[in-house]
Amino acid sequence: MIVSILTIALACLAQAVYGAEPVSDFYRLESYPHSLTKPFLDKYLSSRFYDYGGNTLIKSDSFIRLTGDRPAESGWLFSKLPALPENFQVEFDFKIHGSGSMYGDGMAFWVTTHKGGTGPVFGSRDNFEGLGIFFDTYKNNRPGKSFPLVMAMMGDGKTSYDHQHDGLANEIASCTARGLYNANDISKARVTYVKGKFLSLDLDYKGHNKWTNCFMLTENIDLPQGAFLGFSARTGQLHENHDLHRVQVYSLRNPPSNYGQLLELDAGLRPTKDFGNPYRTTTDIANEKQKQLLVKQREQELKENQKGTWMGFLFKIFIVIVVILLAIVAYGIYITKNKRTRRHEMDYYL
C-alpha cells in the first residue's frame, strides 16, 4: 500500500516537472525518396530516386555539378516520383562560384508537373506549371534591382518566362542576395510550403547560420498535385559553377498556420528588418509588417499560456505535497496499528 502511494506521488511529481512547459505538436518527418545526400550514386553508378541530364555531372563523394564554369552549358536534376508531401520543407545546400569577375546565368529550384528536360529557363523547360525559384546572377534589363536576384514565379503551363526583362512580368516575390556568388561557405536555402496558408523562402549565404527571409507569400500559392522536385542551371557567354551539396525534404506534420509561428517553432529562423534588399517594394514592406504583427500576436499568446502554465504548475506541486503528506500519515497509521497488534498478541500469550 505504501509503495503504491509513493509511486503515485512520484508520478505526480514527474508530471508536474516535465509537464510544466507547453510542447508543440509541430514536427518534421524526413521524406526519404526525395532527400539526396552523399554518396549521390549507388553501386551501379545511378540514382534511385532522381533523373538527371544535360551537362550535369555527379561526383558521388562530393557534389552534383549542374553546370561547369564554361560557356553554353545546361544541366538538370529532377525527382523520379511526383510524390512531394502536401505540406513540406525543402532544405538544400548549394554553391555558385567561378573564376571570373563577370558571371552568369544562374540556377533554379522547381516544384512542377514536368519531370526534367533541358530548356531555356535556367536550364529547364519554359511554359511550366508549378513553382520556379530562380537564383539569377546576371542582370540583363531590370532597372531598380540589384543582382544576384532570387525570384519566384508561379507558372500556369502557358505563360513564358520573361527573359528580356529578367522575369519582371512573372515575378510574385523576390529579394537581392548580394554576396551569393563566390560566398565564403556553402550557401543554404529553405523552402517551406503549407497548403492554403503560406510559402516562404529563407537563405543563409553569409555563413554561421545567419538565416535571412527572402519572401513570404500568403495568397495564390496553391501548388499543383503530383509535382516533381527539381533543380537546374544554365550558363551563356558568361559562366559559373552551379553545385548541389545536399537536398533534405521533410513532411510537416501539424504544421503552423502562419510564418510567425514557424519563426517561433524553428530556432534556425529569425525575422529580419530589411531582408538584405535595398530596393524593397510596397509588397515587401507589407509582408514585413504582417510578419511583425504575427510574431507579436504569438508572443502575447505565449505570455498568456506561460501564466496559465505556472498556475497549473503550482497547483500540481500542491497536489504532490498533499499526496506525500497523506502517504506519511498513512504510513504512521500503519506503523501504529502494527505496534498495537503486536502488543495484543504478546498480552495474549502472556
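Just so you know, these numbers use all the heavy atoms, side chains as well, and skip hydrogens, waters and symmetry mates. Along the sequence shown, the residues carry numbers beginning at 1.
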Practice task
Can you establish whether the number of heavy atoms outside Lys139 located under 6.0 Å from its atom NZ is more than 12?
Solution key: yes
Exercise for the section: Please indicate whether Asp42 has more than 12 foreign heavy atoms, meaning atoms of other residues, nucleotides or ligands, lying under 6.0 Å from its CG. Expected result: yes
Aromatic ring centroids of [X] and [Y] under 6.0 Å?
{"X": "Trp211", "Y": "Tyr205", "answer": "no"}
{"X": "Phe228", "Y": "Phe78", "answer": "no"}
{"X": "Phe231", "Y": "Phe94", "answer": "no"}

Side-chain donor or acceptor of [X] paired with backbone N/O of [Y] under 3.5 Å:
{"X": "Asn170", "Y": "Ser160", "answer": "yes"}
{"X": "Asp69", "Y": "Asn241", "answer": "no"}
{"X": "Glu73", "Y": "Gly68", "answer": "yes"}
{"X": "Ser251", "Y": "Phe88", "answer": "no"}
{"X": "Tyr193", "Y": "Leu223", "answer": "yes"}
{"X": "Ser232", "Y": "Phe122", "answer": "yes"}
{"X": "Asn87", "Y": "Lys195", "answer": "yes"}
{"X": "Lys115", "Y": "Pro82", "answer": "no"}

Fill in the blank from the handout: Given the options Phe134, Phe215, Phe135, Met151 meets side-chain contact (heavy atoms from CB on, under 4.5 Å) only with Phe134
Problem - Asn213 and Tyr259: side chain donor to acceptor below 3.5 Å - result: yes
Exercise for the section: Return yes if a side-chain donor-acceptor contact under 3.5 Å exists between His114 and Ser124, otherwise no. Expected result: yes
Problem - pair Leu36-Leu244: side-chain heavy atoms closer than 4.5 Å - result: no
Handout entry: Student check: side-chain heavy atoms of Leu203 and Cys175 closer than 4.5 Å
Key = yes
Handout entry: Residue that, paired with Asp243, satisfies side-chain hydrogen bond (donor to acceptor under 3.5 Å, both in side chains) out of Lys95, Lys59, Arg65
Key = Arg65
